[in-house]
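For reference, the structure discussed in these notes is given below.
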Amino acid sequence: MSEYDPQELESKWRSRWREQGRYEADPAGDEETTFVTVPYPYPSGGMHIGHARTYTVPDVYARYRRLQGDNVLFPIAWHVTGTPIIGAVERLKKGEEEQLDVLKNTYNVDEDTLQDLETPMGFARHFIEEHYKKGMQDLGLSIDWRREFTTNDDRYSQFISWQYRTLKERGLLEKGLHPVKYCTNEDQPVTTHDILEGEEAEFQEYTLVEFGATIDDADVTVPMATLRPETVRGVTNAYIDPGAEYVVAEVDGEFWFVSAQAARKLDLQGRDVEVRYEYSGEALVGETVTNPVTGDEVLVLPAGFVDADNATGVVMSVPAHSPDDYLALQEAKADDARMEQYGIDPAAVDAIEPIPILDIEGYGDIPAKSAVEDAGITSSEDPELESVTQDLYNAEFHSGELHDDYGEFAGGVVEDVRDEFKEAYLGEAFDTMQEFSEEVVCRCGGDVEVAKQDTWFLRYNDADWKRKAHDAVAQLDAIPDNTREQYDHTVDWLNEWPCIRNYGLGTRLPWDEDFVIEPLSDSTIYMAYYTIAHRISDVPVEDLTQEFFDALFYGADAVEGEAPEQALELREEWDYWYPVDYRCSANDLVNNHLTFFLFHHAELFDPDNWPEGITVMGMGLLEGEKMSSSKGHVVLPGEAISNYGADTVRFFLMNSAEPWQDYDWRDDQVETTQDQLERFWRRAREVVDAPEGDRDALVQADRWLLARLQETVATVTEAMENFETRTASQAAFYNLEEDLRWYRRRRDLDAPGARWTQRRVLETRLKLLAPFTPFMANELHEDITGEPAEDAAWPAVDDAFVDESVLVEERLVEDLTADVNDIVDVTDTDPDVVRVYAAADWKYDVLDTVRDVGSDVGQVMSEVMSDPELREKGNAVNDLAQDLVEFVRERDDDELDALAGVDERDVYEAAADFLGREFDATVEVYTEGGDDVVDPADKADRAQPYRPAVHIE
RNA sequence: GCGAGGGUAGCCAAGCCAGGAAACGGCGGCGGACUCAAGAUCCGCUCCUGUAGAGGUCCAAGGGUUCAAAUCCCUUCCCUCGCACCA
């Protein structure tokens, strides 16, 4: 194959790998093992180029470790747990346009196939086979395909059941009430995907301040909802919507006056609610209510802005700290008629004054007043009010200091004391209820409310468990290293995690089949399942008992009586591969999946089997923008590969950024990459087809290139160890290419020594590139040596070619060439003669002195001036010493030592022919002050050690 | 707001941890070589000034430490990601 035809080349290697089962890995001798994993894909849609990188990073590492002689396992499976696939199928069955558009136009599903997608597993199967699996195979991922499974498989479920029974036995699962999104129309919990409006809504916990009131001669509680419980001492009055429906309901045995909607919500939130009487809001207007904290009696005023459908429908007013309340109070004071209409004495309203409860810098004594006045706001309709309010709330939260009457909380900053303050009154003056931050509507059109449901939690807040998780973080190779603190932070921050859902694919909770274990909770230790996935199918499902997995993971001693033999056989597989060496994953999973992964390993396995490393990956952009399958803004791997070839796609993805950095797929850049690979191919073919050459005929330029090659090998190897795919591929491809560019100028490429050198460089380079562009590299390597690169060994630095002095010598020639070039450029002359003057001997003596004495110019001078011969030269020595101090400072000792062994004049004489060709001129080399020196322009004395003077004419 | 990361020439991007070169590469642009021509390839230039390899001004902004700062410290501004029951 002489033309570069990636499609033909790549399909040939794909079938070869498939036929050979090339990447099927089994326990063998006692060689090193490497086990890399990547989160199994979720096939609720197709694969795009962003996924391609996620899977290529571990593949590149896997291929690298194989070249290093490891037995490498790289498996994959399919995550189908949960509701997204089910949701997608439902939208398809309903004939939703957007969904059909994505399926047909983005993922090219044809009309006939659509009906196969109408069952969840049918849907998943389609995307697994037609997109993910095909995409992965086209990319040339070195996956052991015998081990694939889905998380809906019976045997997998038995494994997950074992995990959850074990956690329950260890007290790490707990049952409790938890807020969920609940559709009041369908009477069931809903997920984000079911929500039409308010997808971003958050759960908010309101504090209910239990004011006392008397209604129809009966004592009732009027719970007023607030997000700022600490303002309770600043309440001057309350507001209610006089036209809305309210009720007195018995809530957990107490009589509460709340809006009709609030009574229903409280019912959903696990309260025992019985509605006893119905009222309109007006019933409370003009009454007084008693502040449970201060004992103050305050007036209830009518207000249209109160929303009976938010929280309890009754709010307390804190005009000193809420711009809204302040303005509402001003408006109430100004509207005597309205007050009278509700039977309220306007004088009583006029008497209401704001009560400040905290101090903040930058605002007056009454912050809400000064905030409103400074902004020139006079009406509650002013659009600027919202941002003024937000600013004040932020300022109060972060820097407001509570007044003295707050007792133990006095002087405290709101941010620090709010929760404690609230805690102190809970059960007495305070209660709580949940509410969304915005309105939420179900796709069915029904109203979604917060409901509390019995749920099972994973107790990530367990102190012992947290400690073990921290230990797992501590022994982890976190790549990049700054992710380590993110794991620690997440471990500390994680609280109880509800680990079940009401419906969806996956594993049923073993002791309560109504619930299914949710996706982030059934994917924490499944890497262990890979080690046995291809053999566990020989075990009948019913034999996969608790004892079976106990024996498998904890050994024969962990079970009473005879351990199942098959379990012990599988245990050997597990022992052989575990632990996971590296898990490669997206950086947005640090906060949940990856930390869960650490938690569960830390609990269920010994430290020896804890994960050894995690590499996180950055986001992919497409032409500078976020990819989005719903907008069709994606590139499918299949398209990219058929346009450019898999090697180009892989190389671009690995080379454009390090794995943890964000990268940008840009078509023009990918095209350039393809051109570069094609150029590489052409050049490589020339070398392959040329005679082998002769190692004994090496000259300076050959030794230089071979020395550079050794540096490259060292750089690439170190980078590969650290997952620095960009550094590695840049060094192996671009940096070496630059060296070759110089080499081609310097050397007659047909000379036997050059032939040998080029072959050696190519062969080594193909091995270095094999993890990145396996198709091309294997093909060329096989052409040149008879075996594919992947069957060879990773190159080691060859000491025979490590040569610092040849490197510095060549550097002198490069510098000289660049200098002459500069002069030619600036003077705009085409030289006939180039004269090069190496520095006089005494100048090297000054250099030696500088090296001995150090960088203090004064000291260097006094040393130098003690030599009478040098003293004669006066200023020239002074200038030189200054320059040489700089020169020495900028170089390390190795380089200076190497330079010290170089005879500059010899180097320039040897390069004279080359320079002559470069500039089409005669090149003459002299030594400054030599007997034969020809120096018409008086340039020679400008020579410095390793910086020859130059004259052109 | 909290946690993490970032702001480098027209664009992408390295250097920053271990201070010492107008600052690696690539793309784009300009000029030249080769060619009938195009493509490919090769060479040079691409912050400002400059007919001798130089000088000047630079790494978000401002201040500081140092003989020396893109790099260390402080302040400010801006951007990205995450902040949970979505996977």
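Here is the naming used below: chain letters follow the sequence lines, and residue numbers restart at 1 for every chain.
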Exercise. Under 4.0 angstrom, heavy atoms only, what part of the nucleic acid is N495(A) near: base, sugar-phosphate, or nothing?
Worked result: base
Problem set entry | C1' gap between rC2(B) and rU8(B), integer Å | 29 Å
Problem set entry | For atom CZ of F599(A) and atom C1' of rA84(B), their distance in whole Å | 13 Å
Exercise. For E918(A), which contact category applies under a 4.0 Å heavy-atom criterion: base, sugar-phosphate, or nothing?
Worked result: nothing
Problem set entry | Complementary nucleotide of rG3(B), counting Watson-Crick and G-U pairs under 3.5 Å | rC81(B)
For this session: Please tell me which of the listed nucleotides, rA40(B), rG53(B), rG26(B), lies nearest to the side chain of V950(A)?
Result: rG53(B)
Problem set entry | Euclidean distance for P, rG56(B) against rA68(B) (whole angstrom) | 16 Å
Seminar exercise, completed: Only residue of F457(A), F599(A), F596(A) satisfying ring-ring contact (aromatic ring centres under 6.0 Å, His included) with W497(A) is F596(A)
For this session: Verify the contact: side-chain N or O of R666(A) to OP1 or OP2 of rA13(B), cut-off strictly under 4.0 Å; return yes or no.
Result: no
For this session: Look at all strands and tell whether E738(A) reaches a base, only sugar-phosphate, or nothing, counting heavy atoms closer than 4.0 Å.
Result: sugar-phosphate
Exercise. Can you tell which of rA84(B), rA4(B), rC27(B) lies closest to the side chain of D668(A)?
Worked result: rC27(B)
For this session: Identify whether NZ of Lys or CZ of Arg in R891(A) sits under 6.0 Å from the centre of the six-membered ring of F887(A) and within 45° of that ring's axis.
Result: yes
Exercise. Choosing from rU80(B), rA87(B), rA14(B), which nucleotide comes nearest the side chain of Q661(A)?
Worked result: rA14(B)
Problem set entry | Donor-acceptor pair present, D822(A) side chain and rG53(B) base, under 3.5 Å | no
Exercise. rU76(B) and rA84(B): how far apart are their P atoms, nearest whole angstrom?
Worked result: 27 Å
Seminar exercise, completed: With the side chain defined as heavy atoms from C-beta on, R947(A) is closest, among rC43(B), rG53(B), rA4(B), to rG53(B)
Exercise. Expressed as a whole number of Å, how far does the P atom of rC59(B) sit from that of rG5(B)?
Worked result: 23 Å
Problem set entry | From Y40(A), Y526(A), Y132(A), residue fulfilling ring-ring contact (aromatic ring centres under 6.0 Å, His included) relative to H79(A) | Y40(A)
For this session: Look through every strand shown and name the nucleotide pairing with rU35(B) as Watson-Crick or G-U wobble, where both distances are under 3.5 Å.
Result: none
Exercise. What is the distance, rounded to the nearest whole Å, between atom CD of Q882(A) and atom P of rG20(B)?
Worked result: 21 Å
Problem set entry | CD (E718(A)) with more than 12 external heavy atoms under 6.0 Å | no
Problem set entry | Between rC43(B) and rG25(B) - P atom distance, rounded Å | 12 Å
Exercise. If you check every side-chain atom of A949(A), which of rC43(B), rA87(B), rG53(B) has the closest atom?
Worked result: rG53(B)
Exercise. Using the C1' atom in both, what is the distance from rU49(B) to rC67(B), to the nearest Å?
Worked result: 28 Å
Exercise. Counting any heavy atom closer than 4.0 Å, what does P948(A) reach on the DNA or RNA strands: base, sugar-phosphate only, or nothing?
Worked result: base
For this session: Determine the contact category for E886(A): base if any of its heavy atoms lies under 4.0 Å from a base atom, sugar-phosphate if only primed atoms, P, OP1 or OP2 are that close, otherwise nothing.
Result: nothing
For this session: Counting Watson-Crick and G-U wobble pairs only, both distances under 3.5 Å, name the nucleotide matched with rC45(B), or none.
Result: rG29(B)
Exercise. Considering all heavy atoms of both residues, which atom of N587(A) and which atom of G618(A) are nearest to each other, and what is their separation?
Worked result: ND2-CA, 3.8 Å
Exercise. Taking only N and O in the side chain of R746(A), is any of them less than 4.0 Å away from OP1 or OP2 of rC42(B)?
Worked result: no
For this session: For residues Y164(A) and W456(A), establish whether the separation of their ring centroids is below 6.0 Å.
Result: no
Exercise. Which part of the nucleic acid does R683(A) contact within heavy-atom distance under 4.0 Å: base, sugar-phosphate only, or nothing?
Worked result: sugar-phosphate
Problem set entry | R741(A) side-chain proximity, nearest of rU80(B), rG53(B), rG26(B) | rG26(B)
Exercise. With a 4.0 Å cut-off on heavy atoms, is W660(A) in touch with a base, just the backbone sugar-phosphate, or nothing at all?
Worked result: nothing
Exercise. Is it true that the NZ or CZ of R765(A) lies under 6.0 Å from the centre of F733(A)'s six-membered ring and within 45 degrees of the ring axis?
Worked result: yes
For this session: Taking only the side-chain heavy atoms of D819(A) (C-beta and beyond), determine which of rC42(B), rG26(B), rG53(B) contains the nearest atom.
Result: rG53(B)
Exercise. Out of rG26(B), rA87(B), rG44(B), which has the shortest distance to the side chain of D825(A)?
Worked result: rG44(B)
For this session: Identify whether any heavy atom of R682(A) sits under 4.0 Å from a base atom; if not, whether one sits that close to sugar-phosphate; answer base, sugar-phosphate or nothing.
Result: sugar-phosphate
Exercise. Is there a Watson-Crick or G-U wobble partner for rA40(B) with both distances under 3.5 Å, and if so, which one is it?
Worked result: none
Problem set entry | Pair D522(A), T81(A): side-chain N/O donor-acceptor within cut-off below 3.5 Å | yes
Problem set entry | Nearest-nucleotide pick for Y42(A), side chain only, options being rA84(B), rA87(B), rG53(B) | rA87(B)
Exercise. Given that A818(A) and R679(A) both sit by RNA chain B, which one's nearest nucleotide is further toward the 5' end?
Worked result: R679(A)
Problem set entry | Among rC27(B), rA87(B), rC12(B), the nucleotide that comes nearest once only the side chain of R501(A) is considered | rA87(B)
For this session: Identify the nucleotide, in any strand shown, that forms a Watson-Crick or G-U wobble pair with rU75(B), with both distances under 3.5 Å; if there is none, say none.
Result: rA61(B)
Exercise. Say you pick atom P in rC47(B) and the same atom in rC11(B); how far apart are they, in whole Å?
Worked result: 13 Å
Problem set entry | Distance between P atoms of rC16(B) and rG6(B) (Å, rounded) | 12 Å
